*Asks:* 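Here you go, one structure.
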Amino acid sequence: MEILRGFKDILPQDINKWQRLEKLARETLESFGYKEIRTPILEKTSLFARGVGETTDIVEKEMYTFLDKSGESVTLRPEGTAGTVRAFIDNHLENYPFKKYYYIGPMFRYERPQKGRLRQFHQIGIEVFGIDNPAVDAEVVLVDKIMLDRLNISDLRIEINNIGCPNCRPEYSKKLKEYFQTHREELCDDCKRRLDRNPLRILDCKNKTCSRIAKNAPKITEFVCDNCKAHYEKVKENLVALGIDFQENPHLVRGLDYYTKFVFEIITDKLGAQGTVSAGGRYDNLVEQLGGKPTSGIGFASGCERLIELMVYDEDQNIDYYFACLEDYTTCMKLAKGLADSLKRSVYVEYENRSLKSMMKKADKMNANYVVIYGENEKEKGIVIVKDMKRSNQEEIEIEKFLENEVARWQ
RNA sequence: GUGAGUAUAGCUCAGUUGGCAGAGCACCAGGUUGUGGCCCUGGGGGUCGUGGGUUCAAGUCCCACUACUCACCCCA
């Protein structure tokens, strides 16, 4: 039996990184008033088709979609926003005072695996509902940035852009199409296809000829409506006020249809081709599009696997007490129980019949702070030996005073 | 979906012009009687990714398949 392609076990050896990532992310997001929301991993296919966009690559060719036993088409979530919006509408969260949410969990996309790209991957994301104020756009970037700082991830750059709204983007899209149409023959095959479907994506093409042509393409800033323009300018002002460095990238576009106005990406060049660590933006029409009352929205999503590759930290895996039992396991268990239960210390009782030497070796490998030795000699004398592995010394303690003695040690 | 590279022990990898399957790390056991790290000695572990083919003989050469890695694409 082998694991599915593009899927990965997260092993005990690596779990410290994951738990640290989740802990620091939660602390950061909760300190800014975000509440966790947990939505199902499986949703109706139509949610993503309508939310993410029928013509996006995600919906067209990357979703894990199948029929359930009732014949309903269901899909493993490829991203977190659609489900969160659905939950917001379904549960009438517009009447709940907290409108800022975060999620952590697995997402699924059927893509060819490569560095920083898996078929099951994990995202940490936030969503803010019902706040039009451009100040909150800046807050979203700030929260993302602080989270990354706390994870000790550096050398990142923030790129932003204004991609307009349904009032102004179609006009820009049309102009862009006209422009690229005149260079049609020079474009790569992918871009020829994009010309009809989503000309904005040509701006993002890495093909040399395409990007050269794109350089002289009409700029979206010349077409955005006054509303979008004013919003974007305010976001920038707030970012500057918060001391967040950013670059404007007029070629930054998003692959999901729901984005409007302000979009951003946080990028590293340490991860090869998949350098986007975090990305997000505003989606002012999505709630309405999915059947809710007109409600604005903004959020971001971060790729956990990518964050983990970039996290810098000192690993410190250990246990507090290793119990080297030479015969009387019952007594060892009772002693260990006291430590774990009342003192909240991590304990490991050795149940394998090993030599003392091999137990000492194992305790060393587990990076135990203390080894409690209890064998025939100790039993006769009514004591236990507690060895301090870091200082390499040991003491004999009367068995009745053991817990008391250890309580004192940790005070 | 496309391209390139890789596939030998739990891990990282050697393996000459085809001729008995190797190292380091990890694991286990010893190095006097019940004490870790360093060192020394020994041990267990491999259908050489899978299936064909060439050959007296294939880890090695040929073909197919599969998986992994990176890149395209796409995105977090």
Side-chain angles (χ1 to χ4, degrees), chain A residues 2-8 11 13 52 56-63 77-81 103-126 144 148 188-191 193-194 198 201 204-207 210 252-256 259 263-268 271-281 299-310 322 324-327 352 354-380 385-394:
Chain A
E2 272 151 27
I3 194 165
L4 283 170
R5 180 167 209 194
F7 287 66
K8 279 260 183 314
L11 299 171
Q13 295 92 304
V52 176
T56 58
D57 277 35
I58 291 177
V59 172
E60 272 189 342
K61 48 192 192 193
E62 295 175 1
M63 295 205 301
R77 63 181 187 192
E79 56 95 53
T81 302
Y103 58 81
I104 301 180
M107 307 294 164
F108 303 83
R109 294 182 198 172
Y110 190 88
E111 295 183 273
R112 191 80 173 261
Q114 74 181 71
K115 192 176 181 66
R117 192 171 80 182
L118 293 167
R119 289 182 175 177
Q120 176 179 336
F121 60 105
H122 298 77
Q123 287 188 335
I124 294 173
I126 71 173
D144 198 349
L148 296 167
C188 70
D189 291 349
D190 286 320
C191 283
R193 191 169 46 81
R194 290 179 182 125
N198 192 352
R201 293 226 63 91
D204 205 23
C205 185
K206 282 162 199 121
N207 179 291
C210 297
L252 180 67
V253 290
R254 312 267 58 241
L256 289 73
Y259 286 109
V263 295
F264 74 101
E265 274 191 26
I266 302 185
I267 304 159
T268 177
L271 290 180
Q274 310 298 322
T276 301
V277 158
S278 224
F300 74 74
S302 258
C304 294
E305 283 79 3
R306 293 181 190 179
L307 296 178
I308 282 195
E309 277 212 49
L310 297 171
Y322 177 94
C325 310
L326 289 154
E327 55 170 58
E352 286 178 59
R354 288 161 161 256
S355 69
L356 184 57
K357 180 174 182 164
S358 95
M359 288 194 279
M360 294 304 292
K361 277 190 178 174
K362 188 164 167 184
D364 187 53
K365 289 201 183 91
M366 289 176 144
N367 201 9
N369 287 316
Y370 300 96
V371 172
V372 178
I373 301 168
Y374 188 69
E376 212 176 333
N377 301 346
E378 290 72 26
K379 191 169 190 174
E380 257 174 46
I385 292 174
V386 178
K387 175 157 183 172
D388 183 329
M389 296 295 275
K390 305 286 181 250
R391 291 185 194 149
S392 231
N393 56 23
Q394 64 183 46

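In what follows, every chain begins at residue 1, and chains take the letters A, B, ... in the order their sequences are listed. Quantities reported herein were computed from a predicted structural model and do not represent experimental measurements.
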*Asks:* What stems, by residue range, does RNA chain B take part in, given at least 3 consecutive Watson-Crick or G-U pairs under 3.5 Å?
*Replies:* B:1-7 with B:66-72, B:10-13 with B:22-25, B:27-31 with B:39-43, B:49-53 with B:61-65
*Asks:* Just how far, in rounded Å, is C1' of B/A76 from CG of A/Leu148?
*Replies:* 12 Å
*Asks:* Given atom NZ of A/Lys365 and atom C1' of B/G37, what is their separation to the nearest angstrom?
*Replies:* 10 Å
*Asks:* Does A/Ser392 reach the main-chain N or O of A/Met389 with its side chain, forming a donor-acceptor pair under 3.5 Å?
*Replies:* no
*Asks:* Go through the N and O atoms of the side chain of A/Glu378 and the base of B/G34, and report whether any donor-acceptor pair is under 3.5 Å.
*Replies:* yes
*Asks:* Looking at residues at least two apart in the chain, or sitting in another chain, which of them share a ring pair (Phe, Tyr, Trp, His ring centres under 6.0 Å) with A/Tyr110?
*Replies:* A/Tyr64
*Asks:* Rounded to the nearest Å, what distance is computed from the CD1 atom of residue A/Ile308 to the C1' atom of nucleotide B/A76?
*Replies:* 13 Å
*Asks:* Please determine whether salt bridge (Lys or Arg N to Asp or Glu O under 4.0 Å) holds for the pair A/Arg119 and A/Glu111, giving the CA-CA distance in whole Å, both sets of side-chain angles, and the decisive distance to 0.1 Å.
*Replies:* CA-CA 6 Å; A/Arg119 289 182 175 177; A/Glu111 295 183 273; over 6 Å; no
*Asks:* With A/Lys115, which residues qualify under salt bridge (charged side-chain N to carboxylate O under 4.0 Å, His left out), at least two apart?
*Replies:* A/Glu309
*Asks:* From CD of A/Glu305 over to P of B/A76, roughly how many Å is that when rounded to an integer?
*Replies:* 14 Å
*Asks:* Taking only residues two or more places apart in sequence or in another chain, which ones pass salt bridge (charged side-chain N to carboxylate O under 4.0 Å, His left out) with A/Glu327?
*Replies:* none
*Asks:* Can you tell me if CD on A/Glu376 sees more than 12 non-hydrogen neighbours from other groups inside 6.0 Å?
*Replies:* no
*Asks:* Taking the same atom, C1', in B/A71 and in B/C28, what whole-Å distance lies between them?
*Replies:* 43 Å
*Asks:* Please state the P separation for the pair B/G19 and B/C25 - nearest whole angstrom.
*Replies:* 28 Å
*Asks:* For A/Glu305, give me all partners under salt bridge (charged side-chain N to carboxylate O under 4.0 Å, His left out), at least two apart in sequence or on another chain.
*Replies:* none
*Asks:* Whole angstroms only, please: what is the OH-P distance between A/Tyr259 and B/C75?
*Replies:* 10 Å
*Asks:* For A/Tyr322, what residues pass the ring pair (Phe, Tyr, Trp, His ring centres under 6.0 Å) criterion, not counting sequence neighbours?
*Replies:* A/Tyr348
*Asks:* How would you list, by chain and number, every residue that makes a ring pair (Phe, Tyr, Trp, His ring centres under 6.0 Å) with A/Phe264, sequence neighbours excluded?
*Replies:* A/Phe262
*Asks:* List in numerical order all residues of residues 386-394 of chain A for which some heavy atom is under 4.0 Å away from an atom belonging to RNA chain B.
*Replies:* A/Lys387, A/Met389, A/Ser392, A/Gln394
*Asks:* With sequence neighbours excluded, what pairs up with A/Lys8 under the side chain to side chain contact (heavy atoms under 4.5 Å, CB included) test?
*Replies:* A/Leu118
*Asks:* Should the pair A/Glu79-A/Arg109 be classified as a salt bridge under the 4.0 Å nitrogen-to-oxygen rule?
*Replies:* no
*Asks:* If the C1' atom of B/C75 is compared with that of B/A4, how far apart are they to the nearest Å?
*Replies:* 22 Å
*Asks:* Going 5' to 3' along nucleotides 64-73 of chain B, which nucleotides have protein heavy atoms under 4.0 Å from the base (write B), which only from the sugar-phosphate (write S), and which from neither (write -)?
*Replies:* ----SSSBBB
*Asks:* For a side-chain contact (heavy atoms from CB on, under 4.5 Å) with A/Met359, tell me which candidate from A/Val371, A/Asp364, A/Leu326 qualifies.
*Replies:* A/Leu326
*Asks:* Is there a donor-acceptor pair under 3.5 Å between the side chain of A/Arg201 and the backbone N or O of A/Arg254?
*Replies:* yes
*Asks:* Would you classify A/Glu79 as touching base, sugar-phosphate or nothing, given that sugar-phosphate means primed atoms plus P, OP1 and OP2, and contacts are heavy atoms under 4.0 Å?
*Replies:* nothing
*Asks:* Rounded to whole Å, how long is the line connecting atom CD of A/Gln13 with atom C1' of B/G10?
*Replies:* 11 Å
*Asks:* Under the salt bridge (charged side-chain N to carboxylate O under 4.0 Å, His left out) rule, collect the residues that match up with A/Lys379, sequence neighbours excluded.
*Replies:* A/Asp328
*Asks:* What does the list of N/O pairs under 3.5 Å between the protein and nucleotides 29-33 of chain B look like, with a distance for each?
*Replies:*
from  : atom 1 : to       : atom 2 : distance (Å)
B/G31 : N7     : A/Lys357 : NZ     : 3.4

